[in-house]
Amino acid sequence: MSHIYNSHSTTESATLTLACIQRAVWLDGREGNTNARMHTGDCLVLDGREGDTTLALASVGFLRQRVWAPNYCTSVVHALRLRCGASAFAGDMSRYLAISTRLNEESFELVYLDFTGSILTYAEDLRKALQGGRIADGGVVAATFSSRGKDKV
């Protein structure tokens with residue numbers, strides 16, 4: 001099941017997206033699915049200095065050290081590591097994916113990409129995250145975009 005939701009409020013959109021992710025995780029682990037691994041799997045997220053996404057995922061049972069959060073801003077990486085215990089990576093998502101692919105990392109059980117621009121700006125990053133078996137069977141993928149910038153859809 002997939003949902004497309006359009007909101008002019010970033011906070012409202014992020015809250016709804018996190019609620020959908022939490023519900024998908026909860027249902028996967030509680031509906032008699034004996035193969036459910038959502039709460040122990042790796043996650044790829046784009047998170048901010050406050051670590052709201054990492055903390056929300058921890059609240060439903062994800063291990064904070066399994067939350068991979070690339071960010072080009074080293075102060076944000078430092079904050080995510082110290083405040084949230086996330087496995088924050090100093091670099092953009094494309095660089096992280098290139099390195100983790102070479103290291104044969106496991107597939108992600110959850111990918112939540114909270115982009116700060118339009119889909120046209122980040123289409124290639126989204127494609128890279130979804131290609132090559134990067135998503136585990138039964139994994140959850142969510143992405144949010146904003147209408148900031150000049151490349152409106």
Side-chain angles (χ1 to χ4, degrees), residues 1-26 28 38-39 41-103 105-136 138-153:
M1 173 175 26
S2 64
H3 298 279
I4 296 175
Y5 178 76
N6 186 9
S7 172
H8 295 292
S9 165
T10 302
T11 302
E12 180 182 339
S13 179
T15 301
L16 179 66
T17 302
L18 283 171
C20 289
I21 290 168
Q22 290 172 338
R23 175 131 173 92
V25 171
W26 184 83
D28 188 53
M38 292 294 296
H39 62 287
D42 286 341
C43 307
L44 173 62
V45 303
L46 298 179
D47 207 352
R49 179 181 313 278
E50 296 79 18
D52 291 343
T53 301
T54 299
L55 296 174
L57 293 173
S59 76
V60 294
F62 281 96
L63 301 174
R64 293 177 188 203
Q65 65 270 25
R66 305 285 304 260
V67 176
W68 298 95
N71 196 300
Y72 62 87
C73 182
T74 56
S75 65
V76 172
V77 170
H78 185 71
L80 288 169
R81 288 177 182 167
L82 287 179
R83 292 183 192 159
C84 305
S87 294
F89 173 83
D92 64 15
M93 190 179 69
S94 293
R95 183 161 162 71
Y96 170 77
L97 288 171
I99 290 170
S100 66
T101 298
R102 286 196 304 269
L103 296 174
E105 297 288 334
E106 291 186 29
S107 299
F108 296 107
E109 299 292 337
L110 170 71
V111 174
Y112 174 40
L113 305 175
D114 186 15
F115 291 110
T116 57
S118 78
I119 192 168
L120 295 176
T121 302
Y122 293 104
E124 183 63 18
D125 286 341
L126 181 59
R127 187 188 64 74
K128 286 179 183 177
L130 299 175
Q131 73 183 11
R134 301 296 309 188
I135 312 301
V140 174
V141 176
T144 57
F145 301 92
S146 75
S147 58
R148 291 181 223 162
K150 299 175 183 171
D151 53 346
K152 308 264 190 231
V153 176

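Here, residue 1 is the first one in the sequence, and each next residue gets the next number.
Contact between Leu80 and Ala88 at its shortest, heavy atoms only, is CB-CB, 3.9 Å. For the residue pair Pro70 and Leu46, the shortest heavy atom distance occurs at O-CD2, 3.9 Å. Shortest non-hydrogen contact noted between Ser59 and Ala56 is OG-O, 2.6 Å. Here the closest non-hydrogen pair linking Ala136 and Ser107 is N-CB, 3.5 Å. Residues Gly51 and Cys84 share a closest heavy-atom pair of CA-SG, 3.6 Å. In terms of heavy-atom proximity, Val111 sits nearest to Ile135 at CG2-CD1, 3.3 Å.
Arg64 and Thr54 share no donor-acceptor pair across their side chains, judged by distance under 3.5 Å alone.
The shortest distance between side-chain heavy atoms of Asp47 and Val67 does not fall below 4.5 Å. Between Asn71 and Arg49 there is no side-chain heavy-atom pair separated by less than 4.5 Å. Side-chain contact between Thr53 and Tyr112: present, with at least one pair of heavy atoms (C-beta onward) separated by less than 4.5 Å. Using a 4.5 Å cut-off on side-chain heavy atoms (C-beta onward), Arg95 and Phe89 make contact.
Below 30°, between 30° and 60°, or above 60°: for Phe108 and Tyr96 the angle between ring planes is between 30° and 60°, a tilted geometry.
Arg66 contributes no side-chain N or O that, together with a main-chain N or O of Gly41, makes up a donor-acceptor pair within less than 3.5 Å.
Applying the side chain to side chain donor-acceptor pair (under 3.5 Å) rule to Gln131 yields the partners Arg127; only residues at least two apart in sequence or on another chain are considered.
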Going through the checks in order, is the side-chain contact (heavy atoms from CB on, under 4.5 Å) test met by Leu126 and Phe145?
CA-CA 11 Å; Leu126 181 59; Phe145 301 92; 4.0 Å; yes
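Annotation: side-chain hydrogen bond (donor to acceptor under 3.5 Å, both in side chains) contacts involving residues 82-94, sequence neighbours excluded, comprise Ser94-Asp125.
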